[in-house]
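Here the structure comes first, spelled out in structure tokens, and everything after it is commentary.
Throughout, a chain's letter reflects where its sequence line sits, starting with A, and its residues are numbered from 1.
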Number of protein chains: 2
Amino acid sequence: MKNNIRVQRAIKNITQAELADLIQVSRQTINTIESGKYVPSTVLALKMAKVFGKPVDEIFELEEGD
Amino acid sequence: MKNNIRVQRAIKNITQAELADLIQVSRQTINTIESGKYVPSTVLALKMAKVFGKPVDEIFELEEGD
DNA sequence: TATCAATGTCAAGTATGTTTCACTAAAAGA
DNA sequence: TCTTTTAGTGAAACATACTTGACATTGATA
């Protein structure tokens, strides 16, 4: 699965730490999700979508092999 | 978080076991997600959305307290 | 009633998400 | 260059997702 969290953050001009605060997770969690190291829970995906004002499917996308 | 997987299954007229096969998880996983016992990964949410032909946000929704 | 398909549930084990703390590296600004 | 902010990374601990296997319950149908 891939994501464009970095782009969405850039659009809203917020840091990883700020996003982490907004959705109530640690900064490392944002960092590792953003760099594709692991797949977040659906609750986190929905929260990010809410913060960015975009549907989940515009932020996260399945890849070959998922 | 709540979900309407049961409704979506009804619309497509498929069983928990069939859905499980389609997204490659165990039948129990579908059962427990459907009954809200735990929150699935974003990959599973995207796969279900794909199966049902609906965006993730139409199947899963945040609740107070999430 | 007897049977079968579908669903619910339990327990134990494995895999993976998430946290905290700490430190390094890179980027941006004065 | 020096400083500060932001991002990347590692390890250990803990929480939760997911699996398998087995069995109980429900609902429909013959």
### Message
Tell me whether B:E18 is salt-bridged to B:R9, with the criterion being a basic N under 4.0 Å from an acidic carboxylate O.
### Response
no
### Message
Does anything in residues 54-66 of chain A come within less than 4.0 Å of DNA chain D? Heavy atoms only, and list the residues if so.
### Response
none
### Task
Answer with base, sugar-phosphate or nothing: what part of the nucleic acid does B:T15 contact at a heavy-atom distance below 4.0 Å?
sugar-phosphate
### Message
Just verifying a value: how many Å separate B:I5 CD1 and B:F60 CZ, rounded to the nearest 0.5 Å?
### Response
4.0 Å
### Query
For D:dG8, does either OP1 or OP2 sit under 4.0 Å from a side-chain N or O belonging to A:Q16?
yes
#### Entry: Under 3.5 Å: donor-acceptor pair, side chain of A:T42, backbone of B:P40
yes
### Task
Could you tell me whether the side chain of B:N4 and the main chain of B:E58 form a donor-acceptor pair under 3.5 Å?
yes
### Task
Please check the phosphate of C:dT18 (OP1 and OP2 only) for any side-chain N or O of A:T29 closer than 4.0 Å.
no
### Query
Would you find a donor on one side and an acceptor on the other, under 3.5 Å apart, between the side chain of B:N3 and the backbone of B:I33?
yes
### Message
OP1 or OP2 of C:dG8 versus the side-chain N and O atoms of B:N31: is any pair under 4.0 Å?
### Response
yes
### Query
If only side-chain N and O atoms of B:K37 are considered, is one of them under 4.0 Å from the OP1 or OP2 phosphate oxygen of D:dC18?
no
Write down the protein N/O and nucleotide N/O pairs, taken from nucleotides 22-26 of chain D, whose separation is under 3.5 Å; answer none if there are no such pairs.
{"from": "D:dA22", "atom 1": "N6", "to": "B:Q28", "atom 2": "NE2", "distance (Å)": "3.3"}

### Message
Quick one: does any side-chain atom of A:E63 pair with a main-chain N or O of A:M1 as donor and acceptor, under 3.5 Å?
### Response
yes
### Expected output: side-chain B:T32 to main-chain B:Q28 donor-acceptor under 3.5 Å
yes
### Query
Counting side-chain heavy atoms from CB outward, which of C:dT20, D:dG8, D:dT19 is closest to B:S26?
D:dT19
### Query
What is the distance from CD1 of A:I30 to C1' of C:dT20, rounded to the nearest Å?
16 Å
### Query
At under 4.0 Å, does any side-chain N or O of A:S41 touch on OP1 or OP2 of D:dT16?
no
